[in-house]
Amino acid sequence: SRRGTVLAALSHGRATVTTQGALTESFWEASEAVVMVPAGDVDAFVTAVSEILEDPAKRICLGKSALDLYNRQFKIDHIIGRLRESAAAC
């Protein structure tokens, strides 16, 4: 899925551009780990990618934020811990 691809990019510490979505937009924007562009806006997508390619410091910063977010929210150890907490609460 599209979000699966984003998670793969995060797990490898890659700067990522993705589209805004109603259910996930606030999470991704708050993370500061990805660049968000309006869905269907090709010009905004091209501009965002170009800016990342032309700015190594921004690319590195986004990559570090991406890996940090992945490790805090999506790494398998974190997921297992959350499942255990949920199971213990039942």
Side-chain angles (χ1 to χ4, degrees):
S1 75
R2 181 174 63 89
R3 293 298 181 211
T5 303
V6 171
L7 291 179
L10 295 177
S11 74
H12 290 283
R14 297 296 180 214
T16 303
V17 177
T18 189
T19 56
Q20 296 167 331
L23 298 177
T24 58
E25 182 176 328
S26 62
F27 172 81
W28 292 113
E29 286 178 352
S31 76
E32 297 183 356
V34 299
V35 175
M36 303 287 297
V37 298
D41 189 338
V42 175
D43 291 335
F45 188 85
V46 170
T47 298
V49 170
S50 296
E51 288 174 0
I52 290 170
L53 289 173
E54 293 170 3
D55 187 344
K58 182 175 185 174
R59 189 169 56 248
I60 290 167
C61 184
L62 279 167
K64 287 180 180 179
S65 294
L67 186 56
D68 181 55
L69 176 66
Y70 179 82
N71 287 333
R72 283 185 289 114
Q73 294 288 324
F74 302 111
K75 192 173 180 178
I76 191 68
D77 298 345
H78 178 73
I79 300 296
I80 290 170
R82 289 177 60 187
L83 288 172
R84 285 183 176 155
E85 289 173 9
S86 293
C90 293

Check residues 67-79 and write down every donor-acceptor pair under 3.5 Å in which the side-chain atom is one partner and the other belongs to a residue at least two apart or another chain.
from : atom 1 : to  : atom 2 : distance (Å)
D68  : OD2    : R72 : NE     : 3.0
D68  : OD2    : R72 : NH2    : 3.4
N71  : ND2    : L67 : O      : 3.3
H78  : ND1    : R72 : O      : 3.1
H78  : NE2    : R72 : O      : 3.2

task = Please tell me if the side chains of M36 and T18 come closer than 4.5 Å, counting only heavy atoms from C-beta onward.
result = yes
query = Can you tell me if S31 uses its side chain to pair, donor with acceptor, with the backbone of W28 under 3.5 Å?
reply = yes
task = Please check if I52 and V37 belong to a single hydrophobic cluster, counting links between Ile, Leu, Val, Met, Phe, Trp and Tyr side chain heavy atoms closer than 4.5 Å.
result = yes
request  = Treating Ile, Leu, Val, Met, Phe, Trp and Tyr as nodes and any side-chain heavy-atom pair under 4.5 angstrom as an edge, say whether F27 and L7 lie in one connected cluster.
outcome  = yes
Reported NZ-to-CG distance for the pair K64 and L62, which is rounded to 0.5 angstrom = 12.0 Å
Taking all atoms of both residues into account, what is the closest heavy-atom pair of [X] and [Y], and its distance?
{"X": "V35", "Y": "A48", "value": "CG1-CB, 3.8 Å"}
{"X": "S11", "Y": "A8", "value": "OG-O, 2.8 Å"}
{"X": "T16", "Y": "A9", "value": "OG1-CB, 3.2 Å"}
{"X": "A44", "Y": "P38", "value": "CB-CD, 4.1 Å"}

message = Can you confirm whether R14 is buried at CZ, in the sense that more than 12 heavy atoms of other residues, nucleotides or ligands lie under 6.0 Å from that atom?
response = no
query = For atom CD of E32, is the number of surrounding heavy atoms from other residues, nucleotides or ligands below 6.0 Å larger than 12?
reply = no
